[in-house]
There are 2 protein chains.
Amino acid sequence: MPAKDTGTEELIKSTAKKLFFKEGKLHATTQDIADAAGMNRSAVHYYFRTRDQLIALVFAESMQALSLLLGNVMSAKMPFRKKIQGLIDVFTNEMMEYPFQEVFLVTEINTAGHDLVTKIDEGPVSSFLNEIEKEMQLGTIEKTDPKHFLINLFSLLSYPIMMSPIYRQFFVMNEQQFDELIAERRELIMRTMFK
Amino acid sequence: MPAKDTGTEELIKSTAKKLFFKEGKLHATTQDIADAAGMNRSAVHYYFRTRDQLIALVFAESMQALSLLLGNVMSAKMPFRKKIQGLIDVFTNEMMEYPFQEVFLVTEINTAGHDLVTKIDEGPVSSFLNEIEKEMQLGTIEKTDPKHFLINLFSLLSYPIMMSPIYRQFFVMNEQQFDELIAERRELIMRTMFK
DNA sequence: TTTTTGTTTAACAAAATTGTTTAATAAATT
DNA sequence: AATTTATTAAACAATTTTGTTAAACAAAAA
């Protein structure tokens, strides 16, 4: 027998993620996925039974990965400023690779009603909120609900990238020009968040 | 004959918008729309022929409406600060009513490849960018590419609302609590954009 | 070599979604 | 009142998408 080959299963998942997260094709069918992966559609069903199960898995893994990624940076032993710099770097990279991941997640929640509470570790976030609050008391950053600080940060990081198909047309820029604009933002966001 | 009744046609469109923009059900079928509008699915086809045409129309109207809404504020004869205040108010209201409108637009562009250049009036945006640049020279706001100023503004306005299903779970807040958080942001965004 | 096991595909079947046609209905016009 | 026109809905048909089954295939184990 062939040694239990995890390759194909992984290929299907990563292809699904490519279509959903990279290309923003939220309506991709199992046929679309099979085509993009260069295989028969039955393989998709063989490994994941139904489209819904594949999507549920992609959803769960996406949440887990994001949670882990952010959790690592948030709970790292670093000075606050460095941590924010880390968050900006890590999250910008993630968004550049998967611009529509969050769009997929929110749409899935809206349509299938997934429950992500069980899929994320609240710990790092809640202790990071405390850290933000301390920093506010130190006067490094403006005093508000620390949730606003986090929301602002992710807004400035995510929105421009996930909405790039709209804003690229709006500002009449090609993909490269827009990428340069995004690159400028790492420093810009840093300046905006402090002071 | 019955006087050409625009009521039903409008009802179908507004119901489609409700599903797409308000509830974020991007996969809504013609049956879903008909059900939500309380009518037979044939009516949808009678008025719009195909699902694609209905969606194309909803897309175009959405772009037009947004363009008009923002254009009006941007080209209003007001001091700069007032104009930003106006943008914040108008856009927050729009987002509160249709949280997933932009998600719909970007997904449509990704899947159907709509071309929105023809659907928006570039004039107001480009002259508003000039106005932002002048303000930067006056020193009211930080000096960068004025596009960043606009992108920052819309990021802070849109993202938290369109991602609320995720962040509400993230921060363990119910709908009302989150709405209060959003309400606080009008002033917060104003403070963030200036200084 | 021949089993056994896991993988891939083709063929089939079922379900969901879309689109059309035709008939019924109702209101305005002639 | 008869006719025309616009609307609605039921019935039907076509297409798309999903899911299953059975056979072919390949590689490891017996």
Side-chain angles (χ1 to χ4, degrees), chain A residues 1-21 23-61 100 103-104 107-108 110-114, chain B residues 1-21 23-61 100 103-104 107-108 110-114:
Chain A
M1 61 172 167
K4 192 161 190 171
D5 176 22
T6 169
T8 310
E9 188 169 347
E10 268 308 313
L11 177 60
I12 294 171
K13 263 194 302 194
S14 66
T15 304
K17 285 174 186 167
K18 191 179 95 187
L19 290 177
F20 293 138
F21 301 169
E23 303 179 10
K25 304 267 170 66
L26 301 195
H27 308 298
T29 64
T30 53
Q31 185 67 65
D32 294 332
I33 296 168
D35 287 351
M39 65 183 61
N40 192 290
R41 189 173 56 84
S42 301
V44 177
H45 288 281
Y46 172 74
Y47 284 103
F48 300 97
R49 196 96 192 150
T50 70
R51 182 182 190 273
D52 281 356
Q53 279 187 52
L54 169 57
I55 287 191
L57 194 63
V58 166
F59 180 89
E61 282 192 5
F100 307 109
V103 170
F104 169 86
T107 300
E108 265 307 300
N110 286 336
T111 61
H114 293 278
Chain B
M1 60 173 167
K4 193 163 189 167
D5 177 22
T6 170
T8 310
E9 190 170 346
E10 267 309 313
L11 177 61
I12 294 171
K13 264 194 302 193
S14 67
T15 304
K17 287 173 185 168
K18 191 179 95 187
L19 290 177
F20 293 137
F21 302 168
E23 302 179 13
K25 304 267 171 67
L26 300 196
H27 309 297
T29 65
T30 53
Q31 186 67 64
D32 293 332
I33 296 167
D35 287 350
M39 66 182 61
N40 192 290
R41 189 173 55 84
S42 301
V44 177
H45 288 281
Y46 173 75
Y47 284 103
F48 301 95
R49 198 93 190 157
T50 71
R51 182 182 190 273
D52 282 354
Q53 273 181 256
L54 169 59
I55 287 191
L57 194 64
V58 167
F59 180 90
E61 283 192 5
F100 307 108
V103 170
F104 169 87
T107 300
E108 267 306 301
N110 286 338
T111 61
H114 293 279

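What separates CZ of A:Arg51 from P of C:dA16 is a distance of 14 Å, to the nearest Å. Atom NE2 in B:His45 sits about 8 Å away from atom P in C:dT20, given to the nearest Å. Note: CE (A:Met39) to P (C:dA10) measures 13 Å, nearest angstrom. Taking atom NE2 of B:His27 as the reference point, atom P of D:dT18 lies 11 Å away to the nearest angstrom. Atom pair B:Asp35:CG and C:dA16:P shows a separation of 14 Å (rounding to whole Å applied). A straight line from CZ of A:Arg49 to P of D:dT17 spans 22 Å, rounded to a whole angstrom. The separation between B:Asn40 atom CG and C:dT22 atom P is 17 Å, rounded to whole Å. Rounded to an integer number of Å, the gap from B:Asp52 CG to D:dT16 P is 11 Å.
Without hydrogens or angle criteria, A:Asp35 side chain to A:Asp32 main chain gives no donor-acceptor distance under 3.5 Å.
Atoms CD and NZ, from A:Glu10 and A:Lys17 in turn, are 6.5 Å apart once rounded to the nearest 0.5 Å.
For C:dA16, neither phosphate oxygen OP1 nor OP2 lies less than 4.0 angstrom from any side-chain nitrogen or oxygen of B:Thr29. Between B:Tyr47 and D:dA6 there is no side-chain polar atom (N or O) within less than 4.0 angstrom of OP1 or OP2. Taking 4.0 angstrom as the limit, A:Thr30 places a side-chain polar atom (N or O) nearer than this to OP1 or OP2 of D:dT18.
Of all nucleotides listed (D:dT7, C:dG6, C:dT20), C:dG6 comes nearest to the side chain of A:Tyr46. Of all nucleotides listed (D:dT8, C:dG19, C:dT20), D:dT8 comes nearest to the side chain of B:Thr8.
Side-chain N/O atoms of B:Arg41 and base N/O atoms of C:dG19 include a donor-acceptor pair closer than 3.5 Å.
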Verify ring-ring contact (aromatic ring centres under 6.0 Å, His included) between A:Phe104 and A:Phe21, making sure each step is shown before the conclusion.
CA-CA 7 Å; A:Phe104 169 86; A:Phe21 301 169; 5.2 Å; yes
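A donor-acceptor contact under 3.5 angstrom links the side chains of B:Asn40 and B:Ser42, judged on distance only. Side chain to side chain, A:His45 and A:Arg49 fail the donor-acceptor criterion of an N or O pair below 3.5 Å.
Note on B:Ser42: a base of the nucleic acid sits closer than 4.0 angstrom, heavy atoms only. B:Ala43 comes within contact range of no nucleotide atom at all, as no heavy-atom separation falls under 4.0 Å.
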